[in-house]
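Working notes, structure below.
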Protein chains: 2
Amino acid sequence: MLTQTAIRTDAIRRPTMLAGKVAIPPQHALDHAAEADSLAQQMQLMGPTMSFPRNAEIFGENEPADFLYKMISGSVRTYKILGDGRRQIGDFCLPGDVFGLEFADVHTLSAEAITDARVLVIKRSALTALASRDAVIGRELHALTARELQRAQERILLLIKSAQERVASFLLEMAGRSPPGNSIELPMSRQDIADYLGLTIETVSRTLTSLENAATIEVPTSRRIVLRNRSALSRLNG
Amino acid sequence: MLTQTAIRTDAIRRPTMLAGKVAIPPQHALDHAAEADSLAQQMQLMGPTMSFPRNAEIFGENEPADFLYKMISGSVRTYKILGDGRRQIGDFCLPGDVFGLEFADVHTLSAEAITDARVLVIKRSALTALASRDAVIGRELHALTARELQRAQERILLLIKSAQERVASFLLEMAGRSPPGNSIELPMSRQDIADYLGLTIETVSRTLTSLENAATIEVPTSRRIVLRNRSALSRLNG
DNA sequence: CGATGCGTTGATAACTTTCAAATTTAGTGG
DNA sequence: CCACTAAATTTGAAAGTTATCAACGCATCG
């Protein structure tokens, strides 16, 4: 079968710890929004930031899940290597996203920087301690899990569809997570996209070309895509 | 494309309320296991049981999620109808399983009885009230969501695989949820299985026949399957 | 430059779906 | 209990989709 990458590029584990360089939000930002997003605010205060170069491993599958992470800049992929060598990408993480949150005590996925990335590192024990004292934090933690569950369920719906539908959904998803406008900048390679959608790199490439031929999108460079006809994409999306 | 059922059999909504008939566990069952599974015990005490005949709807997508449910006997499917009429089955629920737990206030899936089914009905507001008073219950509620997330992620891994691998995984999953032994009784139709695995009914049928020809399984009746060679199935599983 | 990595394109093979029909099973009324 | 009808499942043949294998273009980088 081998739908996906069989050969892994070895990830370098070469993080740059920027200890003490904690981003403290300006006070006025805390004034309003009362308990609106206290989790996010607490997290800002809890951990140092780390910088990872492109392709560096942030954590590996089955390693103890003592930390979780919040993207500051750059992009990260989480993934799992299957028994036969295929790679399934769990998620692409963009600034603001939280990843590495586990319920069990080991990571079920690995994580690598796609581009140079800065992340906030939060000690899990500190966060759970906080949650046990503050019900609001606890609820937000639960909400985070619930949102991940919802995303997983959307992905299930995506994976039963055709290649065209998967690629269209992917583009719309990325557009939704990108700055407003019709142009999206993809940080990830075609192989990453293929492993995310459960397709081969060739099928992804061909599908993009055919969407381009249909004037639904433009592909000025391989990493930049302009949506020309969103409704056609949404229609494909089902 | 139409991978899945396009025509739905109309579900009858004809539940039989057995109000007051709450199963109270014998006291000695509560003595030990202290807080081991207080959620399950609390739920026993909270709600009435309802009986649904085969194919009856238990709740519909987008209906208010005021209740959640715990299977007592029989089996239930949760599902979603897609824009183009396809049906994706979210889960098969067997005795002991909890379903209908939502984070938002409406159901994201519908639920129907596959066979005549008895379920415990729990008012969500009561449970969340309980959870806000008792941290243990809260944690168990969170654990329930986390477990669902894990199942969803396993399903994602399943859906990128070939038809043989999907069917093999399905059989192993059902075997794991059935009483010990190599024989499993499937409460659901081939169409249900197909809509669960993202395949057509014909592909499911053919795959089962080919597994039977390979002496990996036996199919004495269409609803009963005997695993003859689990390691072969696991190998297919990846 | 020549090597290397990434993306695209082409031809062919493998797999899954679709459409159609045969067969078995289940349900119903006599 | 049997016969009959409807529903579910299996099987067959053909078409459609995606993967695989191979080659090519294009950029980056030493």
Side-chain angles (χ1 to χ4, degrees), chain A residues 1-11 54-55 82 84-88 114-115 158-168 170 186-213 217-225 236, chain B residues 1-10 53-55 84-87 114-116 158-168 185-195 197-213 217-225 236:
Chain A
M1 267 288 91
L2 282 188
T3 335
Q4 281 140 318
T5 328
I7 308 112
R8 297 292 330 302
T9 86
D10 358 38
R54 190 165 174 282
N55 287 329
L82 278 62
D84 56 5
R86 279 178 295 185
R87 180 182 69 161
Q88 171 66 19
I114 294 179
T115 61
L158 188 121
L159 288 177
I160 66 172
K161 301 198 237 169
S162 72
Q164 276 227 337
E165 294 173 300
R166 295 188 212 185
V167 172
F170 171 73
L186 300 176
M188 73 292 285
S189 70
R190 292 285 186 271
Q191 185 65 66
D192 288 335
I193 298 173
D195 290 353
Y196 180 69
L197 298 178
L199 299 170
T200 60
I201 184 177
E202 292 96 332
T203 300
V204 171
S205 181
R206 275 188 250 270
T207 304
L208 288 173
T209 320
S210 97
L211 287 174
E212 193 172 25
N213 291 339
I217 63 173
E218 275 172 53
V219 190
T221 78
S222 73
R223 297 296 181 100
R224 164 173 296 285
I225 296 194
L236 282 178
Chain B
M1 266 288 88
L2 281 189
T3 333
Q4 281 139 316
T5 328
I7 307 109
R8 296 292 332 303
T9 86
D10 358 38
R54 190 165 175 282
N55 288 330
D84 56 5
R86 278 178 295 184
R87 180 183 70 160
I114 294 179
T115 61
D116 293 355
L158 197 150
L159 289 178
I160 67 174
K161 302 198 237 167
S162 71
Q164 274 226 339
E165 293 172 300
R166 295 188 213 187
V167 172
E185 194 71 43
L186 300 176
M188 73 292 286
S189 70
R190 292 285 184 270
Q191 186 65 66
D192 289 336
I193 299 173
D195 291 352
L197 298 179
L199 299 170
T200 59
I201 184 177
E202 293 95 332
T203 300
V204 171
S205 181
R206 275 188 251 271
T207 304
L208 287 172
T209 328
S210 96
L211 286 174
E212 192 171 25
N213 291 338
I217 63 172
E218 274 173 56
V219 190
T221 79
S222 73
R223 298 299 180 98
R224 165 173 296 283
I225 297 195
L236 283 178

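The chains referred to below are lettered A, B, ... by the order of the sequence lines, with proteins before strands, and numbering in each begins at 1.
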Tabulate protein N/O versus nucleotide N/O from nucleotides 24-27 of chain D, keeping only pairs under 3.5 Å, one per line.
none

With the criterion being N/O to N/O and under 3.5 Å, what pairs connect the protein with nucleotides 4-6 of chain D, and how long is each?
none

Pick out the pairs of N or O atoms, protein on one side and nucleotides 8-11 of chain C on the other, that lie under 3.5 Å.
unit_1, atom_1, unit_2, atom_2, d
C:dT8, OP1, A:Arg190, NH2, 3.3
C:dT8, OP2, A:Arg190, NE, 2.8
C:dT8, OP2, A:Ser205, OG, 2.9
C:dT8, O5', A:Ser205, OG, 3.1
C:dT9, OP2, A:Thr209, OG1, 2.9
C:dG10, N7, A:Arg206, NH1, 2.8
C:dG10, O6, A:Arg206, NH2, 3.1
C:dA11, N6, A:Arg206, NH2, 3.3

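Here B:Ser189 does not reach the OP1 or OP2 of D:dA8: none of its side-chain N or O atoms lies under 4.0 Å away.
Listed for the B:Thr207 side chain is a donor-acceptor partner under 3.5 Å among the backbone atoms of B:Thr203. Side chain of B:Arg86 to backbone of A:Lys161: no donor-acceptor contact under 3.5 angstrom is found. With B:Asp116 contributing its side chain and B:Arg54 its backbone, the two residues share a donor-acceptor pair below 3.5 Å. Listed for the A:Arg166 side chain is a donor-acceptor partner under 3.5 Å among the backbone atoms of A:Gly198.
For the pair A:Ile160 CD1 and C:dT16 P, the interatomic distance rounds to 16 Å; values are reported in whole Å. To the nearest angstrom, P of C:dG7 lies 11 Å from CD1 of A:Ile225. For the pair B:Asp195 CG and D:dA8 P, the interatomic distance rounds to 13 Å; values are reported in whole Å. When rounded to the nearest whole Å, the span between CD of A:Gln164 and P of C:dT17 equals 17 Å. Taking atom CZ of B:Arg166 as the reference point, atom C1' of C:dT17 lies 12 Å away to the nearest angstrom. As rounded to whole Å, 16 Å separates atom P of C:dA26 from atom CG of B:Asn55. One can place CG of B:Leu197 at 15 Å from C1' of C:dT17, the figure rounded to the nearest angstrom. In this structure, B:Gln191 atom CD and C:dT17 atom P are separated by 12 Å, rounded to whole Å.
Between B:Val167 and B:Leu199, the closest side-chain pair of non-hydrogen atoms falls below 4.5 Å. Counting only heavy atoms from C-beta outward, the side chains of A:Glu165 and A:Leu197 never approach each other to under 4.5 Å.
For B:Glu185, the salt bridge (Lys or Arg N to Asp or Glu O under 4.0 Å) test picks out B:Arg224, with sequence neighbours left out. With sequence neighbours excluded, the residues satisfying salt bridge (Lys or Arg N to Asp or Glu O under 4.0 Å) with A:Glu218 are A:Arg228. With sequence neighbours excluded, no residue forms a side-chain hydrogen bond (donor to acceptor under 3.5 Å, both in side chains) with A:Thr209.
Smallest separation of non-hydrogen atoms from B:Ser210 and B:Gln164: OG-NE2, 3.2 Å. Minimum interatomic distance between B:Val219 and B:Arg190 (heavy atoms only, all atoms of both residues): CG1-NH2, 4.1 Å.
Among the heavy atoms of the strands lying under 4.0 Å from B:Arg223 are primed sugar atoms or P, OP1, OP2 only; no base atom is included.
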